Chemist: 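I'd like to ask some things about the structure below.
As a basis for the values below, the full set of heavy atoms in this structure was taken, side chains included, without hydrogen atoms, waters or symmetry mates. In what follows, every chain begins at residue 1, and chains take the letters A, B, ... in the order their sequences are listed. These numbers were taken from a predicted model, which means no experiment stands behind them.
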Protein chains: 2
Amino acid sequence: MTAARQKPATIRDVARAAGVSVGTVSRTVNAPETVRAATLERVRATIAALGFRPDARAQSMRRRNTLTIGFIINDISNPLHAMLFKAAEIDLRERGYSLHLVNTAGNAKREAEAIETMQHGRVDGIIMTINNEQDRRCLDRLQSLRVPSVLLDREIKLDIDAVFTDHAAGMEQATDYLIGLGHRRIGIVTFGPEILPGRERIRGFEQAFLRRGLEVPHDLIRGHGPGADFGFRDASALLQGPDPPTALIAGGNQLLVGALRAIQQERLDIPAQLSVVTCDRTDLSALYPGPLAVIVRDLDEMGRTAAQLLLERIAGGASMPVRRIRLPTTFVLGRSCAPPRASVATHAAELTRLA
Amino acid sequence: MTAARQKPATIRDVARAAGVSVGTVSRTVNAPETVRAATLERVRATIAALGFRPDARAQSMRRRNTLTIGFIINDISNPLHAMLFKAAEIDLRERGYSLHLVNTAGNAKREAEAIETMQHGRVDGIIMTINNEQDRRCLDRLQSLRVPSVLLDREIKLDIDAVFTDHAAGMEQATDYLIGLGHRRIGIVTFGPEILPGRERIRGFEQAFLRRGLEVPHDLIRGHGPGADFGFRDASALLQGPDPPTALIAGGNQLLVGALRAIQQERLDIPAQLSVVTCDRTDLSALYPGPLAVIVRDLDEMGRTAAQLLLERIAGGASMPVRRIRLPTTFVLGRSCAPPRASVATHAAELTRLA
DNA sequence: TCGATTTATGATAACGTTTCCAAAGATAGC
DNA sequence: GCTATCTTTGGAAACGTTATCATAAATCGA
């Protein structure tokens, strides 16, 4: 850093030094089989000597691509989101792409800006999770999208490829399991209905009750944004309510953090006093206070699928039909679920009454 | 996606449609004060009508910059790393930059490749955490760096700006606290000595003993890479040893995950049977089994500082002196530390013997 | 060895901007 | 109304590549 950085050699410098035309240098790099062996060697030597590497800007300009993919995400410090990024990156790098990452913090303005900036010669495609599906700015940008794109876990009434999780089915399975254990007062804290995972999880939750002909405990459904604070507030409210739940589902890994804080505060023992189910594996769900029951999705596959869809779209062009891929979940039992005490009590009471 | 995307309007299209020269359109966008009001209005209307936006590639090529910063990191799904990214991104975006993210997984080849690819017209600067300081490929690339760069938490014998944490001081403080509680058998699992945080943490750990004139428990120091598995293996080994530690320091947040798994397996109660100190706040350290004592660093400040250094370097050029900024840590007491049982027992035994 | 073919190379025009310079237009002073 | 000055514009040359096309060189068959 003390020495002044000399400016990089251009293709013209190489051509001059090797005594060939720029075209030959270009071919040496991009189509060596069309260059005579002797020339090839000489030019390659010169390239090495001058430390020449083609300028990416000039290349993209001429080739009309950028070898860059935009990745727009809500919160990269959420390890689940990061997993998606990593999975997509591996596949995309293999094909020569680098990734541009924008962290929007769920902010509609930033989302709109990110889409906007990426439009004009910055990326060849976009993988994104848009949190403000109904925000005009975002929608407008999406509508006039000039770049192949894939939506992650979002469903927008526009012709955009998407890959998402079958949150509803996963949630229904978990809820049904709790019902099977005897729980009726089951609470859920999850995202708001304005984003797909929130909507779907609540739908799956309700479905489980309906299919069994039971009444849905509407008073125990809380759907406000992601974030640990929502989790804490909503879980606290539920646990302190007049008729508190005997089981709690945290539909979101940050919500789990808040929910566990609330459970800790109420000094409830898992699973003796409260059964807990969570979505997505995290360090916390694996360890506290022992593995929790969890609705697992394969984020690696999701990231890879998104990359795949995008690559196909880039290759196939706009005329290809829109694809929407739905990935399944698995329910993994931990040590956080048990039959409800209350139900045992009630059951005993009923028996007594009958006797 | 059903309709074919029409190709974007160029500055020439706008010029033709507005009946002016391309120069005037360019000035309308970049230096409106030099354009007559009437012309300005007409050109702006045309720009809006055609949906023109300058092509980023052509701009960068002409302006000789990219408004892009490269961010090379070990593991973006580590929330601490992600925090650095987010902090840096906020400051950089304000100045018009977007970020290119490469996740290297600590792989030397990928690190070298990432640095290499970013060299030629892809980014205006790089913020990076290089894990293979001594790998020739990486060093070579770093040595011939053509782009302003800042190292995060790494110290390389090259003239590169850097910002790092005073890991040694933080660790010394925490270790000293445990010693003060009466612990002598203190174990530590952290990174290897080949990366700065590993070296420094071990140094601080030893320092704490030395300053008190105590012998360093060398047999309880474990420094192998990051990653939960190392944490589990090393912590297990320590806890199952012939003379196990009464306190354990996890020097790395992923190491903590593994260490806690080991502690859970040994059925040790925190802090009754084992005191625990960890580095960096995470969801896990905050909740399990109650807040853990933690050596905290301000990652937000670190990310911001890196961005600041980089911006100054980009503006100031290579002739500016190299800066190395060291940030302090804070030790936050949780509920995971207590005097050692053994020491009480030993103490009692000694008293008995004396009597 | 000579034309017919194939292969390798050079010259040049893009790609879409910005920026310089000169020319044209507007404005002001008298 | 005319020159001198200041603004506003147009034209054209970069920026560093790739790709097309024509030409030059090498190869081949007879």
Chemist: For the residue pair B:R110 / B:N103, report whether a side-chain donor-acceptor contact shorter than 3.5 Å exists.
Modeler: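 No, because no side-chain N or O of B:N103 sits under 3.5 Å from a partner of the opposite role on B:R110.
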Chemist: Nearest whole Å is fine: how far is D:dT17 C1' from A:R12 CZ?
Modeler: 8 Å
Chemist: Taking atom types as modelled, is there a side-chain donor on A:T66 or A:D124 under 3.5 Å from an acceptor on the other?
Modeler: yes
Chemist: Return the value, rounded to whole Å, for the distance between atom CD1 of A:I11 and atom P of C:dA11.
Modeler: 14 Å
Chemist: Whole angstroms only, please: what is the CD-P distance between B:Q59 and C:dT19?
Modeler: 10 Å
Chemist: Confirm from the modelled atom types if B:R62 and D:dA14 form a donor-acceptor pair under 3.5 Å, side chain to base only.
Modeler: yes
Chemist: Under 4.0 Å: is that the gap between some side-chain N or O of A:R36 and OP1 or OP2 of C:dT9?
Modeler: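 Indeed, a polar side-chain atom of A:R36 lies that close.
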Chemist: For D:dT18, does OP1 or OP2 lie under 4.0 Å from any side-chain N or O of A:S26?
Modeler: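 For D:dT18, OP1/OP2 do have a side-chain N/O of A:S26 under 4.0 Å.
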Chemist: I need the CZ-C1' distance between B:R16 and C:dG16, as an integer number of Å.
Modeler: 13 Å
Chemist: B:T10 side chain: which of D:dG16, D:dT18, C:dG16 is closest?
Modeler: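 For the B:T10 side chain, the nearest candidate turns out to be C:dG16.
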Chemist: Let me know, please, whether A:M61 or A:A37 comes out on the 5' side of the other along DNA chain C by nearest nucleotide.
Modeler: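 The residue mapped nearer the 5' terminus is A:A37.
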Chemist: Please figure out whether B:R64 or B:R27 has its closest DNA chain D nucleotide nearer the 5' end.
Modeler: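 Comparing both residues, the 5'-ward one is B:R27.
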Chemist: Ignoring backbone atoms, establish whether B:R57 has a side-chain N or O less than 4.0 Å from OP1 or OP2 of C:dG16.
Modeler: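 Looking at the OP1 and OP2 atoms of C:dG16, neither is under 4.0 Å from any side-chain N or O of B:R57.
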Chemist: State whether a side-chain donor-acceptor pair under 3.5 Å links A:R137 with A:N132.
Modeler: no
Chemist: Do B:R63 and B:N30 have side-chain N/O donor and acceptor atoms under 3.5 Å apart?
Modeler: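 Note: B:R63 and B:N30 side chains meet the donor-acceptor criterion.
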Chemist: Does C:dT9 have OP1 or OP2 sitting under 4.0 Å from an N or O in the side chain of A:T24?
Modeler: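 So the side chain of A:T24 is outside the cut-off, no N or O lying under 4.0 Å from OP1 or OP2 of C:dT9.
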Chemist: Between A:T39 and C:dT9, is there a contact of a side-chain N or O with OP1 or OP2 at under 4.0 Å?
Modeler: yes
